[in-house]
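Before I ask anything, here is the structure I am working with.
All figures in this text were calculated on a predicted structure; none of them were measured in a lab. Heavy-atom basis, side chains included; hydrogens, waters and symmetry copies ignored.
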Amino acid sequence: MKGLIYREFYLSRKPFILMLLVYVLFVGMLSLVFISTYAGNLAGTEGVEEMRSSMFSQMYLYAGLIAIVGTVYGHNDIIEKDYQSHWQLYTYTIPVSEKKIAASKFIVRGAFLLLGMVLAFLADIIFSAAAKLPLSTGHFKNILIAGLLYGVVCFLDIPSMLRFRTQAKNAAIGLAIAAPLFAALGYGTFKVIRFGYAEAKRLYPDLEGDAGMGKVLMPYIVKYRDMAVWIAPIVFVLTVLLMYIWAVKELKRRRY
């Protein structure tokens with residue numbers, strides 16, 4: 001099994017290195033921008049404090065997405081390549097059970113996901129130091145929730161790829177299933193924003209634009225985010241267990 005794990009890591013090394021370079025460049029460049037707001041050419045500019053605070057509240061999410069999505073990206077197409085190279089057929093001849101083959105894929109993907117989340121947390125810490133702003137527990141909660149939710153999709157991808165073999169077919173079926181969910185999410189978001197503007201107009205008539213809406217919705221956002229911090233790990237663990245069982249069943253079907 002150690003050889004299977006090493007193989008998965010080895011085949012994912014190039015995309016991971018490219019992602020790491022992009023991550024370092026992005027975090028490094030943004031850190032220099034933060035520093036320039038108080039020790040560079042942006043120092044003394046009107047509204048620079050608000051700009052730095054606003055950037056800090058957003059850029060950690062972009063860095064987190066680069067880290068979390070990028071680390072797993074290189075492992076996404078391994079199964080399709082296994083079918084193309086007939087490695088999947090070869091695995092049926094080696095004295096390793098389907099459980100161990102599936103476990104090797106889950107271990108490697110989980111390791112990449114964990115590394116991506118660590119890099120996302122690290123980016124937030126670096127941005128905080130560069131911007132001279134305090135660390136926010138809210139940022140850490142957002143990264144944790146985003147990483148676990150993306151992890152659900154990542155682990156769902158393993159058995160579905162074993163079943164459908166190609167990324168194109170897998171993505172098409174996934175989008176067809178997810179389209180109604182995205183439509184419902186978009187409609188729900190629209191209704192929430194509309195509610196926020198209506199309440200802001202009633203409660204805070206002196207506030208213009210998005211300021212009033214943000215003030216109305218923030219308590220709800222914080223409340224449901226704190227709930228998600230507890231719910232997301234449970235959903236993640238259950239999903240991993242179910243997807244592992246499905247992956248073992250797909251391997252036992254002997255597709256090649």
Please round to the nearest 0.5 Å and tell me the distance separating atom CG of Asp77 and atom CD of Gln84.
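Rounded to the nearest 0.5 Å, the CG-CD separation comes to 8.5 Å.
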
Apply side chain to side chain donor-acceptor pair (under 3.5 Å) to the pair Ser54 and Gln58, showing each step before the final yes or no.
CA-CA 7 Å; Ser54 177; Gln58 299 177 46; 3.1 Å; yes

If you count heavy atoms of other groups shown closer than 6.0 angstrom to NZ of Lys141, is the number above 12?
yes

Side chain to side chain, Ile234 and Leu238, heavy atoms closer than 4.5 Å
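In contact.
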
Between atom OG of Ser53 and atom CG of Leu133, what is the distance when rounded to the nearest 0.5 Å?
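The distance works out to 6.0 Å.
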
Should Leu162 and Leu251 count as side-chain neighbours, where that means a heavy-atom distance under 4.5 Å?
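A side-chain contact exists here, since the closest heavy-atom pair is under 4.5 Å.
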
Please confirm whether Arg7 makes a cation-pi placement over Trp87, using NZ or CZ under 6.0 Å from the six-membered ring centre and within 45° of the ring normal.
yes

Test of ring centre spacing under 6.0 Å for Tyr62 and Phe26
no

Looking at every non-hydrogen atom in both residues, tell me the closest pair between Leu30 and Met55 and how far apart they are.
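That would be CD1-CE, 3.6 Å.
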
Classify the ring geometry of Phe56 against His139: parallel below 30°, tilted from 30° to 60°, perpendicular beyond 60°.
tilted

Does Val48 reach the side chain of Tyr38, with side-chain heavy atoms less than 4.5 Å apart?
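Contact flag for Val48/Tyr38 side chains = no.
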
Taking atom CZ of Phe9 as the centre, report whether more than 12 heavy atoms of other residues, nucleotides or ligands fall under 6.0 Å from it.
yes

What I want to find out is whether Arg163 reaches Glu250 closely enough, with some N-O distance under 4.0 Å, to be called a salt bridge.
yes

Hey, are the side chains of Met243 and Ile158 touching, using non-hydrogen atoms and a 4.5 Å cut-off?
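Of all side-chain heavy-atom pairs linking Ile158 with Met243, none is under 4.5 Å.
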
May I ask you to check whether Phe155 and Phe236 place their ring centers less than 6.0 Å from one another?
yes

Cation-pi geometry met for Lys132 and Phe34 (6.0 Å, 45°)
no

Report yes or no: is the cationic atom of Arg109 (NZ for Lys, CZ for Arg) under 6.0 Å from the centre of the six-membered ring of Phe112, at an angle within 45° of the ring normal?
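Verdict for Phe112: no cation-pi partner in Arg109.
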
If you define the side chain from C-beta out and look only at heavy atoms, does anything of Val96 sit under 4.5 Å from Leu4?
yes

For Tyr60 and Asn142, test the side chains for any donor-to-acceptor distance below 3.5 angstrom and give the result as yes or no.
yes

Within a strict 4.5 Å, meaning less than it, do heavy atoms of the Tyr83 and Met161 side chains meet?
no

Could you tell me whether Glu8 and Lys105 make a salt bridge, using a distance below 4.0 angstrom between a side-chain N and a carboxylate O?
yes

Less than 4.5 Å apart, side chain to side chain, heavy atoms only: is that true for Leu148 and Val152?
no

Does a side-chain heavy-atom distance below 4.5 Å link Pro159 with Tyr244?
no

